[in-house]
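Here is the naming used below: chain letters follow the sequence lines, and residue numbers restart at 1 for every chain.
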2 protein chains.
Amino acid sequence: MSRRPATPARATHRGRTTYHHGDLPQALRDAATRLVAEHGADGFTLREAARSVGVHHAAAYRHFADKRALLAAIAEEGYVTLARRMQVADAAAPVTDVLERVRRIGAAYVAFARKEPSLFALMTGPRLNEDGRFPSLEAALRGCVDALEAPLRAGQASGIVRKGAVGMQAMTILTLLHGYAEFVLTRRIQVKPTRVAELLATLLEPALRGLQRH
Amino acid sequence: MSRRPATPARATHRGRTTYHHGDLPQALRDAATRLVAEHGADGFTLREAARSVGVHHAAAYRHFADKRALLAAIAEEGYVTLARRMQVADAAAPVTDVLERVRRIGAAYVAFARKEPSLFALMTGPRLNEDGRFPSLEAALRGCVDALEAPLRAGQASGIVRKGAVGMQAMTILTLLHGYAEFVLTRRIQVKPTRVAELLATLLEPALRGLQRH
DNA sequence: ACCTGAACACCGTTCAAGT
DNA sequence: ACCTGAACACCGTTCAAGT
């Protein structure tokens, strides 16, 4: 542990002088995240990721079981980022206007999908999850549900939102958000970039009305 | 056009005696549909499709520009089937109970996704649509929207459903349906197979309430 | 313990040549 | 007009061997 250079993080393919890589797992995750964003998850290859960090392609197998395991790792990182963005959006809204909070959280979900379309597709698509592998990914939606439950619970407490299972109310919103995000990404809904949030608000309207008391 | 065998459709790899295939494009579409269902769109290869119908793999390029074009063709067929299933489900519901009709149409959408998960993922996923190719696929959702608009329009006429843009109301429902289908397929929502329709009805409830008058 | 070399069994795509 | 042979430039994965 002392033979390594003082700044192992800078030991990239340009400047690597040692046989061992500084932190190859993280370097591969970073490269994969970048390459997926550039070429899509379909165009991503393990060999290019290894090349871009300056190691032999077989080296990746010391740290990840296979290509899918590496992709699953970056998908998990994506879910953490997504949940954080939703929470930040919530915090920026007036605390007592719970419906507006839900709208802002929703806008953050869709904005993330539009900003990182390939990562979002990887995170939510069937590529990693059709079989039972990566159960951590199956639970990854938890953070998004939590973000939506906060304003809904507050709304129930203040009497704005109907009493009932807050988890179900959150899932109603989340399924709608997700379907909208997917349709926008795949051009099934053709909407001008400047109008994405506006259309989302329109589509959310009936669901929000149905969640209100009276 | 007279040198071909009398039953060109039976000219498969087992019994083919002529140099020319009976209807290679359709045979390739059929093989692709079957193989995608078996191994998923990720596991699908052009070479295996060609092998399974008994032609050289390069022969496919006479009829389809590339692998994606073949997949786009079967995705389009899938949308036709899906829209038909939704219409059939609608027809099976009591005509005047427009909300029940929407529920049944929704159940048909989700049932299709569960019955043909790989085809559904191919149809709705970004694999074929991230660039602007295959505009016919972008319009393919039209049939699904139409199916939902019918009961909503009837509901507006009979005063059960709020007045307003019926297209927006249909998209509210459809985005929710699609998000739910995706979450179920990718195990983001863990629900027993027997409870899928029931949970859908629960999640739809707020949206349906919001669409009603009063 | 971590990485490389070399190999295996595949792909998608192209293009000249066969029927 | 339609299909095949042969080739090209890749993949993911494995495993013995190097440091």
Send over the distance from [X] [atom1] to [N] [atom2], rounded to a whole Å.
| X | N | atom1 | atom2 | answer |
| --- | --- | --- | --- | --- |
| Arg62(B) | dG5(D) | CZ | P | 15 Å |
| Asp42(B) | dG12(C) | CG | C1' | 15 Å |
| Phe64(B) | dC3(D) | CZ | P | 11 Å |
| His39(A) | dC10(D) | NE2 | P | 13 Å |
| Tyr61(B) | dG5(D) | OH | C1' | 15 Å |
| Leu71(A) | dT13(D) | CG | P | 10 Å |
| Arg47(B) | dA9(C) | CZ | P | 15 Å |
| Lys67(B) | dT14(C) | NZ | C1' | 17 Å |

For the student: nearest non-hydrogen atoms of Ala170(B) and Glu149(B), plus distance = CB-CG, 3.7 Å
Output the single nucleotide from [options] whose closest atom is nearest the side chain of [X].
| X | options | value |
| --- | --- | --- |
| Leu24(A) | dC3(C), dT13(C), dA7(C) | dC3(C) |
| Ala58(A) | dT4(C), dC2(C), dC11(C) | dT4(C) |
| His57(A) | dC11(C), dT13(D), dG5(C) | dT13(D) |
| His56(B) | dC15(D), dG12(D), dG5(D) | dG5(D) |
| Ala59(B) | dC3(C), dG12(D), dT4(D) | dT4(D) |
| Leu46(A) | dC3(D), dT13(D), dA7(D) | dT13(D) |

Pair Thr124(A), Glu182(B): side-chain N/O donor-acceptor within cut-off below 3.5 Å = no
Who is the Watson-Crick or G-U wobble partner of dT14(C), with both distances under 3.5 Å?
-> dA6(D)
Assigned partner base of dA1(C), Watson-Crick or wobble definition, under 3.5 Å | dT19(D)
Does Asp146(B) pair with Arg142(B) as a salt bridge, N-O distance under 4.0 Å?
-> yes
Short side-chain N/O contact to dC3(C) OP1/OP2 from His63(A), under 4.0 Å = yes
Phosphate oxygens OP1/OP2 of dC11(D): is one of them under 4.0 Å from a side-chain N or O of Arg51(A)?
-> yes
For the atom pair CZ (Phe64(A)) and CG (Leu70(A)), what is the distance rounded to the nearest 0.5 Å?
-> 5.0 Å
How many angstroms lie between atom CZ of Arg187(A) and atom CZ of Phe134(B), to the nearest 0.5 angstrom?
-> 12.5 Å
